[in-house]
Structure formats: structure tokens, C-alpha cells
Asks: 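Here you go, one structure.
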Amino acid sequence: MKKKSQFKAYLPFATNVFQRLISYKANVIIFLFGEFMMLATSYYLWRAIYKSTSNTAINGFSLNEMIIYVLMSFLTSLMISVDISYDISKEVKDGSIAINLIKPISYEKRMMFQAFGNVMYNFVVIFILGFTSINIVFYKYIGSLSIANILLYIISTMLGILINFYFSYTFGLLSFKITNMWGLSQIMQSIVQLLSGALIPILFFPRIVQKLITFLPFSSTIYTPTMIYLGKLTGISLIKALSIQIIWIVILAVIAKLMWNTLVKKLTILGG
Amino acid sequence: MKRYFKLYRQFLKQYIKSLIEYRADFILGLIGFILIQLTGVIFIKLVFNNIPNLSGWNFYELLFIYGFAQIPRGIDHVFTDNLWLLSGNIIVQGQFDKYLIRPLNPLFQVIAERFQPDGFGEIVIGILLVTISCSQLDINLTFLNVIIMVFTIICASFIYTAIKLAVSSIAFWIKFAQSYLYMTYQLSNFAKYPMAIYPKMISTLLTFVIPFAFTGYFPGAYFLGKTSFFYGVMLTLLVSVISIFVAYFIWIQGIKRYESSGS
């Protein structure tokens with residue numbers, strides 16, 4: 001009963017974000033066109049790459065699989081993206097966090113619901129259409145669709161959303177201490193790009209680096225779901241990958257709590 | 001003209017002061033942009049671990065074009081970053097009025113108002129990549145060649161600025177044009193790789209309509225001996241002159257049309 005009323009109390013934060021994002025829809029779609037340019041670049045690049053070798057597969061990927069990988073990892077990265085760290089640093093910067101801390105609501109829960117609104121928006125505006133299209137491409141290229149892989153992909157993506165939320169949240173909490181988050185987020189963005197598999201499948205890295213990357217949280221957000229979708233993670237390695245995702249959710253949630261407890265005491269608020 | 005130089009120096013002085021004040025910000029931003037460029041290099045390296053060459057281009061040749069394309073991009077980034085804000089909120093919030101009432105060229109004011117040192121990250125990486133690949137490829141960097149290279153880089157920077165100016169001027173008509181600018185700017189990614197890998201339609205678009213091909217591929221290919229002096233240098237010059245004129249024309253038309261959305 002208590003759970004339910006709590007849910008009701010926080011739900012407006014989610015719908016608020018959802019409605020705000022929806023009202024910018026036209027601009028978002030043009031921004032997305034910009035991202036499609038990037039996709040087109042990688043599409044032609046990969047085609048040229050496969051033309052330049054006599055092998056039909058590179059690191060176990062055929063050209064068709066690689067194109068699906070590029071599309072799917074791109075869609076997954078759009079699906080899981082949330083603006084939480086930006087929201088937090090903005091609240092710290094303009095001082096509005098002071099008021100939000102006085103209110104009798106949990107900051108973490110509030111952010112979680114804001115992220116939920118964000119994710120729902122991603123789902124409605126981008127994911128439904130994108131996922132359907134990719135499945136059609138997959139069917140055309142491969143000749144069949146695996147319902148099991150699709151379902152596992154969705155589960156794994158949901159775990160990825162949670163990892164990304166906690167990561168974004170803890171990263172955002174850093175703004176309690178650091179005033180310039182912009183430069184830091186640029187650095188983080190490039191690291192995430194490289195290690196999440198958004199740029200290139202992790203299998204392309206040297207073996208020892210691969211081992212390292214699989215144990216970092218980044219590859220659990222995009223690489224794992226995409227590989228599951230492609231049916232490249234099965235049996236033991238599938239269970240292992242999903243377990244790593246769950247472990248990272250727990251670790252990051254604990255780190256978030258610890259960081260909150262130490263940083264909230266030392267928070268310096270500018271202006272307001 | 002002299003007055004403008006003097007004024008720009010004054011503007012710059014203020015920036016350097018604030019730069020010293022926020023030194024950590026500057027360094028973080030710089031590292032950020034260097035890292036972003038590095039991820040692109042790592043991508044190329046990981047790909048070349050599996051293939052001997054890409055459509056006839058070897059690793060260092062590709063690195064050369066990639067690096068070359070970063071230099072004008074960075075130069076433009078350092079000096080004309082305010083155009084992003086122009087396409088974003090300046091007109092929406094009615095802040096453009098102030099440029100019109102001062103006795104100075106409005107475009108000069110918009111550009112001089114902001115100086116973005118993050119762009120040095122791109123310049124540094126670009127120079128580094130070009131130097132490394134030059135030494136690996138035995139490109140003869142004679143005095144003349146260096147002069148031509150600097151010249152084409154300047155032309156290419158103007159092409160970047162012209163494209164940004166033309167697209168951000170759309171804001172005079174539709175108020176918020178940042179998404180359009182972003183979309184156009186993303187096209188520059190195509191210029192980092194050989195044009196031969198794209199279908200005819202895309203390479204035509206990048207050569208004649210939104211001429212990003214001249215910011216990296218064409219001049220770069222000239223130094224690698226893969227295209228003629230005419231394409232690599234003469235056309236780059238010609239295209240940069242034309243695009244600046246076209247962009248300035250659009251800008252002027254936009255100002256004529258501008259009506260304050262003030263509050």
C-alpha cells in the first residue's frame with residue numbers, strides 16, 4: 001500500500017520530463033537526422049572495409065551482421081540515454097538544488113523517475129520505430145528472427161538502462177564538488193564511446209584489453225544487449241553477461257548511496 | 001580594418017584573463033576534445049588490424065587525411081564558436097539587437113565575442129597525426145609544400161566557417177536553427193575518409209553543395225599524390241572564396257529580415 005502511494009507521489013516527475021521532451025519533438029527529429037549522418041558514414045565505411053578484405057567475416061562478424069550491429073548499438077545507446085547528470089549539475093549551478101533538498105522527497109528517487117520519463121520518451125519516439133525497422137532488416141539479411149533473442153535483448157537493455165541511470169547519477173553527483181562538468185563530461189563521453197561498444201564491437205580489441213573491458217560497466221550498457229540480439233551470446237556466456245549486468249547495478253547503486261552520504265554534507269551552493 | 005584588429009586584440013585579452021581564472025576548465029575541455037579525436041584514431045587502428053588497406057589507402061594515408069581534416073575544424077572551432085549560440089538562443093532571446101546598435105560590423109561582433117580554446121585539442125591532434133603519417137609515408141615536406149599546406153588549411157577553415165555561418169543564419173528566419181547546424185556539421189564526418197567509399201550522390205553533395213570534401217579529403221589527397229594540384233589546391237581556394245561570399249550574402253539577407261523577439 002505504501003509502495004503504491006509512493007509511486008503516485010513520484011510519478012509526476014516522470015510525466016513532467018516526458019511532456020517537456022515531447023514539446024521539443026521537431027528539433028529532436030532534426031538532431032536525429034544529424035546522428036543518421038554518422039550512421040551513414042559508418043555504413044559506407046564498413047562496406048568499404050569488407051570490400052578490402054578477402055575474408056567474408058572479420059572477428060566473426062559478416063558484413064550483414066556488422067551493419068545490424070552498428071544499427072542496433074546505435075538504437076540501444078539512444079534508448080538508454082538519460083540527462084540525469086546534466087540535470088543534477090544544472091541544479092547545482094543555478095542553486096535550485098537547495099530548495100529540492102528541503103522537500104521531503106528522496107533525491108535519488110526523484111532522479112530515477114525523471115530518468116524513467118526520459119526513457120519512456122526514448123521508447124515512444126525512437127525505439128518503437130527503430131526496433132521494428134531493425135527487425136525487418138535482420139529478417140531480410142539473416143532470413144529468420146529469434147523471439148528468444150529479442151526477449152533477452154529487451155531484458156538486457158532494461159538492465160543496461162539501470163546501469164546507465166546509476167552511472168549518470170553518480171557522475172552527476174560529482175558536480176557537488178566539481179564546478180566545471182562540461183569538460184569532464186566530454187572526457188567521459190569519449191571513454192564511454194570507446195568502451196561501451198558504440199564505436200566498434202569489443203571483439204576488435206586485443207584479447208587482453210577485451211577481458212578488461214568486459215569487467216567495466218560500460219560494455220554492459222550497449223555491447224551486451226546488442227550481442228545478445230545478434231545471437232552471439234549464448235549458454236554460459238549469456239548467463240555470465242547478464243550476471244555482470246546485475247552485479248554492476250548493485251555496485252553502482254551502493255556507490256551512489258555512499259557518494260550521496262559524503263557529498264551532500266559538503267555541498268557548496270552557488271547563488272540561488 | 002586596423003581598428004578591428006585592435007578591437008579583436010582587446011576581446012582576446014579578456015578571454016585570456018578568464019582562461020587563466022578557469023584554468024582547470026580549460027585543461028579538462030582540451031583533454032576531452034583530444035580524447036574524442038583519439039577514439040577515432042583507435043577505431044581506424046582496430047580496423048586496420050584486420051585489413052591491409054581500405055579501398056587502396058593504407059593506414060598512414062588514412063591517418064593523414066583524418067588528421068588534416070581536424071586542423072581546419074579546430075581552427076574554426078576556436079574562432080567562430082559563437083555561431084553555435086547564434087543558431088541557438090541569441091535570436092530567440094532577442095539578444096541580437098545589441099550587435100545592431102553598436103557602430104561595428106555585426107558579424108565581427110558575433111565572432112569576436114567568443115573564443116573557444118577547446119578547439120586547440122583538435123588542432124593538436126591534427127598536427128600530430130599529420131606529422132606522424134608524413135614521416136611514415138616519406139612525404140617530402142619541402143618549404144614550398146609546407147606553405148601550400150598552410151594555405152589550404154586556411155582555405156579549409158574558411159569553408160568550415162562559411163558553412164556554419166550560412167546554416168546558423170537560418171535562425172533569422174526560424175529563430176532556432178541549432179538542430180539544423182548540428183545536422184550539417186555532422187556531414188563533416190564524411191570528409192575524414194576517402195570519397196571513393198561513398199556512393200556518387202553523397203560525394204557530389206559533399207563536393208558541390210555542402211563542400212566539406214575540401215576541408216580534408218581533396219587537399220589531403222593532393223599531398224599524398226592521389227589528386228592533382230587543380231583539385232587539391234586551386235579548387236579548395238575557389239570553393240572557399242565562393243562559400244564565404246554565399247554565406248555572407250545569406251547572413252546579410254537574414255539581418256535585413258531580422259525582427260527582434262524581445263521581451
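Convention: sequence-line order gives letters A, B, ...; per-chain numbering from 1. This one's a predicted model, so the numbers in the text were calculated from it and none came from an experiment.
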Asks: Side-chain contact test, heavy atoms from C-beta onward, threshold under 4.5 Å: evaluate it for Met37(A) versus Asn189(B) and give yes or no.
Replies: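 Result no, sub-4.5 Å side-chain heavy-atom pair not found.
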Asks: Go through Pro194(B), Pro199(B), Ser55(B), Gly56(B) and name the one with the most non-hydrogen pairs under 4.5 angstrom from chain A.
Replies: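 Of Pro194(B), Pro199(B), Ser55(B), Gly56(B), Pro199(B) has the most heavy-atom pairs under 4.5 Å with chain A.
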Asks: Could you have a look at Val47(B), Thr184(B), Leu187(B) and say which one has the most heavy-atom pairs with chain A under 4.5 angstrom?
Replies: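 Most heavy-atom pairs within the cutoff with chain A belong to Val47(B).
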Asks: Can you tell me if CZ on Phe127(A) sees more than 12 non-hydrogen neighbours from other groups inside 6.0 Å?
Replies: yes
Asks: Looking only at atom types and distance, does a side-chain atom of Thr53(A) sit under 3.5 Å from a main-chain N or O of Ile51(B), one as donor and one as acceptor?
Replies: no
Asks: Would you indicate whether the side-chain heavy atoms of Asn59(A) and Asn50(B) approach each other to under 4.5 Å?
Replies: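 The answer is yes, as the side chains (C-beta and beyond) meet within the 4.5 Å cut-off.
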Asks: Which atoms of Tyr193(B) are under 4.5 Å from chain A, going by heavy atoms: the side chain, the backbone, both sets, or neither?
Replies: side chain
Asks: What parts of residues 195-214 of chain A touch chain B if we use heavy atoms and a cut-off under 4.5 Å?
Replies: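 The residues closer than 4.5 Å to chain B, in numerical order, are Leu199(A), Ile200(A), Phe204(A), Phe205(A), Pro206(A).
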Asks: Does a sphere of radius 6.0 Å around CE in Met38(A) hold more than 12 heavy atoms from other residues, nucleotides or ligands, not counting ones at 6.0 Å or beyond?
Replies: no
Asks: Which pair of heavy atoms, one from Gly32(B) and one from Ser190(A), lies closest together, and at what distance?
Replies: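 In terms of heavy atoms, the two residues are closest at O-OG, 4.5 Å.
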Asks: Specify which of Leu32(A), Ile49(A), Ile191(A) makes the most heavy-atom pairs with chain B at under 4.5 Å.
Replies: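 Ranked by contacts with chain B, first place is Ile49(A).
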Asks: What is the distance from atom OG1 of Thr39(B) to atom CD of Gln189(A), rounded to the nearest 0.5 Å?
Replies: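 Spacing of OG1 (Thr39(B)) from CD (Gln189(A)) equals 9.0 Å.
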Asks: Using non-hydrogen atoms only, which part of Ile34(B) is less than 4.5 Å away from chain A: side chain, backbone, both, or neither?
Replies: neither
Asks: Ignoring hydrogens and angles, tell me if any N or O in the side chain of Thr41(A) forms a donor-acceptor pair with the backbone of Phe190(B) under 3.5 Å.
Replies: no
Asks: Evaluate the side-chain proximity of Leu194(A) to Leu35(B): yes if any heavy-atom separation is below 4.5 Å, no if none is.
Replies: no
Asks: Measure the shortest side-chain to side-chain distance between Ile30(A) and Tyr182(B) over non-hydrogen atoms and say whether it is less than 4.5 angstrom.
Replies: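 Answer no - side chains too far apart.
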Asks: With chain B as the partner chain, list the residues of residues 61-89 of chain A whose heavy atoms fall under 4.5 Å from it, by residue number, and write 'none' if nothing qualifies.
Replies: none
Asks: Rounded to the nearest 0.5 Å, how far apart are CG of Leu184(A) and CD1 of Ile31(B)?
Replies: 9.5 Å
Asks: I'd like to know which of Tyr185(B), Phe176(B), Phe48(B) tops the heavy-atom pair count under 4.5 Å against chain A.
Replies: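 So the answer, after comparing Tyr185(B), Phe176(B), Phe48(B), is Phe176(B).
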Asks: Step through the shown structure and confirm whether more than 12 heavy atoms of other residues, nucleotides or ligands are within 6.0 Å of NZ on Lys232(A).
Replies: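 Yes, enclosed.
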Asks: Taking atom CG of Leu12(B) as the centre, does the number of heavy atoms from other residues, nucleotides or ligands within less than 6.0 Å exceed 12?
Replies: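 It does: Leu12(B) CG has more than 12 such atoms within range.
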Asks: Find the distance between OH (Tyr198(B)) and CG (Leu45(A)) and round it off to the nearest 0.5 Å.
Replies: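 Going from OH on Tyr198(B) over to CG on Leu45(A), the span is 6.5 Å.
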